[in-house]
Amino acid sequence: MDFIAELQARGLVQDIMPGTQEQLNKEMTSAYIGFDPTADSLHVGNLVPITLLMRLQKAGHKPYALLGGATGMIGDPSGKSQERNLLDMDTILHNCQAQKKQMEKFLDFNASSPNAAVMVNNYDWFKNFSFLQFIRDVGKHISVSYMMAKDSVQKRLETGLSFTEFTYQLIQGYDFYYLYTNNNIKLQMGGADQWGNIVTGTELIRRKGGGEAFAFTSPLITKADGSKFGKSESGNVWLDPERTSPYQFYQFWLKLPDVEAEKLSLIFSFRTVEEISTMIAEHQAAPHLRKLQKALAEELTIMVHSAGDLSFAQKASDILFGQSSIETLRTLNEKQLLEVMDGVPQVNAPATALNDGADIISFLAEQGVFASKGEAKKMIQNGGVSINKEKVTAIDFLLKKEHLLNNRYMLIQKGKSNYTLAIFN
């Protein structure tokens, strides 16, 4: 496979160093991408570099994932308007361990394979590297004017750039030099905002080692409105199921606007470009079916979580947006139920209210589900109220303990998709 040609067809190449494509077509090449350990989970924004490494390995090359145990102590100024808060060593090491565990899900680390993935941490070669040794052995090869010309520096000169951040490109550049020298890594990949840091590495390899290295970057992924990709209304969409449930993850992709779904299918899906082009054409002919969003949501939920998690996410989606029954609702345990109901308005009531049965009209009005008893009565008479997915037709209906889900919850539906979760304590 012509790796670069494949990426270009998917819109995944922005800047590329001359000779990169030829190097990859010539022989199995070792390449790396760095990951910033600012959190103990990766998020969907990290899926671009993760899938780049996956594609690289599938193309027969050897991927390296570099965890920034050292660079994470400084903070990359690229794309940042101000200096980030510095993390302590224990936090960084914890984050590296958590990210390492996640990465093992996506890449083949089987040592028996000639292109087995490898994980490295730059703290391992920086921890005993003294400051004086670094500025003698590394700093003398890169001029201040060369460093000052970088966009990541220029954009911060007015608002302020600390010496700590200014040195970041030298440290990242040394990573490339070290990996080139010790692991025969000839290629670094990254996001477009990393180009300046990456070419500092190729320059160091040339000046200090007399070698030749290669690089390319991918465009930064943004939403149609220009805002940062990878965030939902509640914040980052994480790969850790404890931070973002598989259901929420599935819903994130399912809700993509059409124009984003087309672009992101090429970026993230492992279907061929031809298959995706056919799917895009089918989607454009019947966008209301959202086939493109569903296909991408299914593929990525399985890749990041599991087929079982996808099955649950689809079941959960059908509860709120489809024709599922009370039987489906009752199969959910408390944790799953609350995942599905994340974002659904909640009301609280005492469990004793159900001892003798609660008049549904009074309950709905008193809890604010309806503005008045009259409105609640009218909606019930018109068949517009359901309890736990079962339609209520009688205005004298009583809510009882037998209606509770997991002994505490009751799902109230008003109209087609207006839900309230009643919690009885």
Determine whether His43 and Arg243 satisfy the following criterion, side-chain contact (heavy atoms from CB on, under 4.5 Å), listing intermediate values before the conclusion. CA-CA 10 Å; His43 51 78; Arg243 284 175 172 247; over 6 Å; no
Decide side-chain contact (heavy atoms from CB on, under 4.5 Å) for Lys100 and Leu67; before the verdict, give the C-alpha distance in whole Å, the side-chain angles of both, and the deciding distance to 0.1 Å. CA-CA 8 Å; Lys100 178 181 179 182; Leu67 298 174; 3.9 Å; yes
Tyr32 and Phe176: side-chain contact (heavy atoms from CB on, under 4.5 Å), yes or no, with the steps? CA-CA 9 Å; Tyr32 87 98; Phe176 200 175; 3.6 Å; yes
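Taking the six-membered ring for Trp, Phe35 and Tyr64 have ring centres at least 6.0 Å apart. The aromatic ring centroids of Trp253 and Phe268 lie less than 6.0 Å from each other. Under the 6.0 Å cut-off for aromatic ring centres, Tyr174 and Phe126 qualify, their centroids lying closer than that.
By the 6.0 Å and 45° rule, Lys414 stacks over the aromatic ring of Phe370. A cation-pi contact, defined as under 6.0 Å to the ring centre and within 45° of the axis, is absent between Lys186 and Tyr180.
A donor-acceptor contact closer than 3.5 angstrom links the side chains of Ser306 and Asp309. Using a 3.5 Å distance cut-off with no hydrogens or angles, the side chains of Asp40 and Asn95 do not pair a donor with an acceptor.
Counting all heavy atoms, side chain and backbone alike, Arg55 lies closest to Ile267 at NH2-O, 2.8 Å.
Ring pair Tyr178/Trp125 is parallel by interplanar angle, where below 30° counts as parallel and above 60° as perpendicular.
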